[in-house]
Protein chains: 4
Amino acid sequence: MDDDSRDRPSVPTSRSERARTAALEAALALAAELPYPQVTMEAIAARAGVGKATLYRRWPRRGSLLVDAVAHRNAHAAVGDGGIPDTGDLAADLTAVLRSVVDELAVPAWDALLRALCVEALVDAAVGAQVLEQVFAPQIAVFAHRFATARTAGHIDASVGDVEVFELFVAPVFHRWQLRTGALDHAYADAVVRRACHALAPAATTRSGGAGSGRSGRTPRATPGPRG
Amino acid sequence: MDDDSRDRPSVPTSRSERARTAALEAALALAAELPYPQVTMEAIAARAGVGKATLYRRWPRRGSLLVDAVAHRNAHAAVGDGGIPDTGDLAADLTAVLRSVVDELAVPAWDALLRALCVEALVDAAVGAQVLEQVFAPQIAVFAHRFATARTAGHIDASVGDVEVFELFVAPVFHRWQLRTGALDHAYADAVVRRACHALAPAATTRSGGAGSGRSGRTPRATPGPRG
Amino acid sequence: MDDDSRDRPSVPTSRSERARTAALEAALALAAELPYPQVTMEAIAARAGVGKATLYRRWPRRGSLLVDAVAHRNAHAAVGDGGIPDTGDLAADLTAVLRSVVDELAVPAWDALLRALCVEALVDAAVGAQVLEQVFAPQIAVFAHRFATARTAGHIDASVGDVEVFELFVAPVFHRWQLRTGALDHAYADAVVRRACHALAPAATTRSGGAGSGRSGRTPRATPGPRG
Amino acid sequence: MDDDSRDRPSVPTSRSERARTAALEAALALAAELPYPQVTMEAIAARAGVGKATLYRRWPRRGSLLVDAVAHRNAHAAVGDGGIPDTGDLAADLTAVLRSVVDELAVPAWDALLRALCVEALVDAAVGAQVLEQVFAPQIAVFAHRFATARTAGHIDASVGDVEVFELFVAPVFHRWQLRTGALDHAYADAVVRRACHALAPAATTRSGGAGSGRSGRTPRATPGPRG
DNA sequence: CCCTAAACGAGACGGTACGTCAGGTCTTATA
DNA sequence: TATAAGACCTGACGTACCGTCTCGTTTAGGG
């Protein structure tokens, strides 16, 4: 699952490239094993065996380095994770994906890394844009591909954009992960998917009032879907 | 709706209390007007006219101070904002609330403050718990109160917990606010409420066709392992 | 020369007096057992079980408190040390005194206390004056009394003032003690007395050139005096 | 005796050396113009335009910095002050030297500097050793050189060591300077030299009658115990 | 094949903030 | 009323990190 399959120059050739790789991997390692305030440029340089100036020459701030590090990791790890399975059952497919997301967030190293990324994104809007572009946008694209199929199959409301659909599935998990408002497990992933699919069902009689307006608000839809 | 209604000595009496209030308000002011890395304990102390030791005597870290500051602000600002209107139309009520949330998040000072809070919560789990308890829990409680009415009125699925309902409405806004994945305006708030209410509608007749539950209600495969 | 000679209410009666005594003795104890920078007003107050304000009410600065503490100690300890013996042999008498001075300076507690006193005297001229008046002046007076006898007996040059004579005996010891230029023992005390007495011998043939001009300088003296 | 005689790159070349020099000179300037407690590392760093860390990197404590500063000053100021004149008249030569010492001690800046040095030497024995080695030892060496001549010329007792002779001349001045027991002027310097030379005169005819050695050369009683 | 120019590691530099400690003042409650 | 206790503001402490800047030392890449 490396960046190359046959010649494998996994150990970069030029000195510059070696320094760059060492920095990225040192950043990943430190973010995984230390509280984030201790993941300093100085510590990264030391761990990487690299001069501080080399870091600042490539990355204007710590956040950029971290984003690059995560992108580097994803590039090397995401082979085989080319997308979302398409069994024809959107709920099943997304349940699988969200479950694996939940599982990943339970890995301390990845959890810490993502939190660090969020910190940087929150602190500096430029880094936020970078995170969005390099980390989330690819994920959204992956989802979008699956949504396209679902939309043509009539499984989801065609009027809802990709980002909105993505949010419907991911935002609750993200929210619960970040705020720790409750257990973040497979059951929760299942429930999120169930409710999201429910929300996205093509509007047969979708009154804008939804659950709201009518006091005679009867919900005509019958099958509540599976319980997690 | 200020901090005092009639007698209310808004300027605290004891020196300690005066220092405490000054610190909290200095923290709020600085978080509103400076990039967060410049909101240092030293700057807060200087702005408050307070010794650093006084800050550290009361708050073990910057995050705790910030949480207290936000709670302080909420305590003084939330008078009259006692809850969510209950017109009988859940969607309308929550639309109003989410719109006001969106409006608040558009205020730079409040935006910056909340981002600072999130940073601290991400960096230190203890602060995260404090944020949850002092900032979000009250909000959840407010929502829960309205949800209770809606549930007894049969407007939402009684089997979904308060936190889950809260997340359904708030998480997308939170996600979009934090990641800036798109415009955060009234239209978005309306859409979020619409979909959430749709998702929460008591399942009278769940059509199996939609995104609901694929082939059957079976639990999708897990694939729990992280991608590595 | 205590504040009382017979009934000895060494444990003072009034609360103020008790606080005062506790402070002085705490200062002595701490100066004896800690490096001087750690002998803080705070530590003294804590050790004495006394409020800081009580210290500052009585003594404007640490130096004053320390001088008082040393004077307090001397007042309580100097009983029986009424003066310099007068056997008629000035050299012998002063040798005895200087030896005991040297011995005292070898006691770590007293050494530390005196160094602390010197620090305060050097840092603040007002404390220096206080030290001179309360600690050294009494010593000089004691010496002066013996010098008066020696002067009438014709053993020392009548034209040299008390302070000058005092310095001749004490300054070398003080100098060597403070700068640690060499061993500070009985042999040194003996040598100092020998040379000082030599210098103070009434001017039979005291040429102002002293050791200067004569080229026939033979050293005929045999008995070099006791060693160590 | 400067570091350079003709081209004089008095402004050091490397950044480190520039920082070092700036620190030393800032220390000298501050010690000269402020009460010693205000001569803080922070003030020195600020005055020198140097980071605090740079100070602590070079000097473990304030005292070491001060000693270096004085040595630095001496190295740069001692041009032409290569030693003690040797006119053949020891008393005259040393009178000139002691007078100039007295004059220097009357310069407030130098007075303050020396007092600061003494404070540090008293507070920390390690600094005391450094002071002895870097400040006093060179002075003693200068005196020793002149003493050697005097000794071979038979002007002073050959059995007295250099340090002892040095103390005989310097200790009274030092004592009077530090304790302010009296006026420190040329007259005093003259008297000190007169008495010291008298004390050092090779004992041609040691009259036993005087203050010399009492009854006989016997060792006076010890009374070594401290008064307690 | 050297030779120059760039990039590198190492780390000192001027700063700023950290979290602690003590100075000296002021408040509170006790005795 | 004077006290013990201790919080208060101030400011220095000594450390750590920031981002910049020398240093020599590799390391490429063009003569």
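Model, not experiment: these values are computed from the prediction. Chain naming here is simple, since letters A, B, ... match the order of the sequence lines and numbering starts at 1 in each.
With rounding to whole Å, Leu55(D) atom CG is found 13 Å from dA12(E) atom C1'. Distance, Arg58(C) CZ to dG24(E) C1': 17 Å, rounded to whole Å. The distance between atom CH2 of Trp59(D) and atom C1' of dG14(F), rounded to the nearest whole Å, is 16 Å. Computed from coordinates, the Arg47(B) CZ to dC9(F) C1' distance equals 18 Å when rounded to whole Å. Taking atom CZ of residue Arg18(D) and atom P of nucleotide dG14(E), one finds them 9 Å apart after rounding to whole Å. Distance CD (Glu17(D)) to C1' (dC21(F)): 17 Å, rounded to an integer number of Å. Atom CD1 of Ile44(B) is separated from atom P of dA17(E) by 12 Å (rounded to the nearest Å). Atoms CZ (Arg57(C)) and P (dT1(F)) sit 13 Å apart, rounded to a whole Å.
Annotation for Pro37(A) and Val123(B): closest pair CG-CG1, 3.8 Å, computed over non-hydrogen atoms.
Listed candidates were dC13(F), dA12(E), dG23(E). Nearest to the side chain of Met41(D) is dC13(F). Comparing atom distances between the Ala53(A) side chain and each of dA7(E), dC21(F), dG19(F) picks out dC21(F) as nearest. Checking dT20(F), dC23(F), dC13(E) against every side-chain atom of Tyr56(A), the shortest atom distance belongs to dT20(F). In this structure, the nucleotide among dG19(F), dC8(F), dC18(E) sitting nearest to the side chain of Glu42(B) is dC18(E). When each of dT25(E), dC8(F), dC18(F) is scored by its nearest atom to the side-chain atoms of Thr40(A), the top-ranked nucleotide is dC18(F).
Annotation: of the two residues near DNA chain F, Ala43(D) and Ala45(B), the 5′-most nearest-nucleotide partner is Ala45(B). Along DNA chain F, the nucleotide nearest Pro60(D) and the nucleotide nearest Gly51(B) are compared for position; the residue whose nucleotide lies closer to the 5' end is Gly51(B). Residue Ala19(A) is the one, among Ala19(A) and Ala48(D), whose nearest nucleotide of DNA chain E lies closer to the 5' end (criterion: closest heavy atom).
Counting heavy atoms from C-beta outward, Asp68(A) and Arg20(A) have side chains that approach closer than 4.5 Å.
Under 3.5 Å, the side chain of Arg15(A) and the base of dA7(E) form at least one donor-acceptor pair of N or O atoms. Between the side chain of Lys52(D) and the base of dG15(E), no donor-acceptor pair of N or O atoms lies under 3.5 Å.
In terms of phosphate contacts, Ser14(D) brings no side-chain nitrogen or oxygen within less than 4.0 Å of OP1 or OP2 of dT22(F). Within the structure, every side-chain polar atom (N or O) of Ser16(A) is placed at least 4.0 Å from both OP1 and OP2 of dA7(E). Between Thr54(D) and the phosphate of dA12(E), there is no side-chain N or O to OP1/OP2 separation shorter than 4.0 Å.
In this structure, the side chain of Arg62(B) does not engage the main chain of Glu120(B) through any donor-acceptor pair within 3.5 Å.
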Inset, instruction - Test side chain to side chain contact (heavy atoms under 4.5 Å, CB included) on Leu66(D) and Val119(D) and set out the steps. - result: CA-CA 11 Å; Leu66(D) 203 70; Val119(D) 166; over 6 Å; no
Legend entry - Worked verdict on Glu25(A) versus His72(A) for side chain to side chain contact (heavy atoms under 4.5 Å, CB included): CA-CA 9 Å; Glu25(A) 287 170 359; His72(A) 171 82; 3.6 Å; yes
Inset, instruction - Show your reasoning for whether side chain to side chain contact (heavy atoms under 4.5 Å, CB included) applies to Val70(A) and Trp110(A). - result: CA-CA 10 Å; Val70(A) 171; Trp110(A) 187 241; 4.0 Å; yes
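If you check every strand for non-hydrogen atoms under 4.0 Å, Arg62(D) touches nothing.
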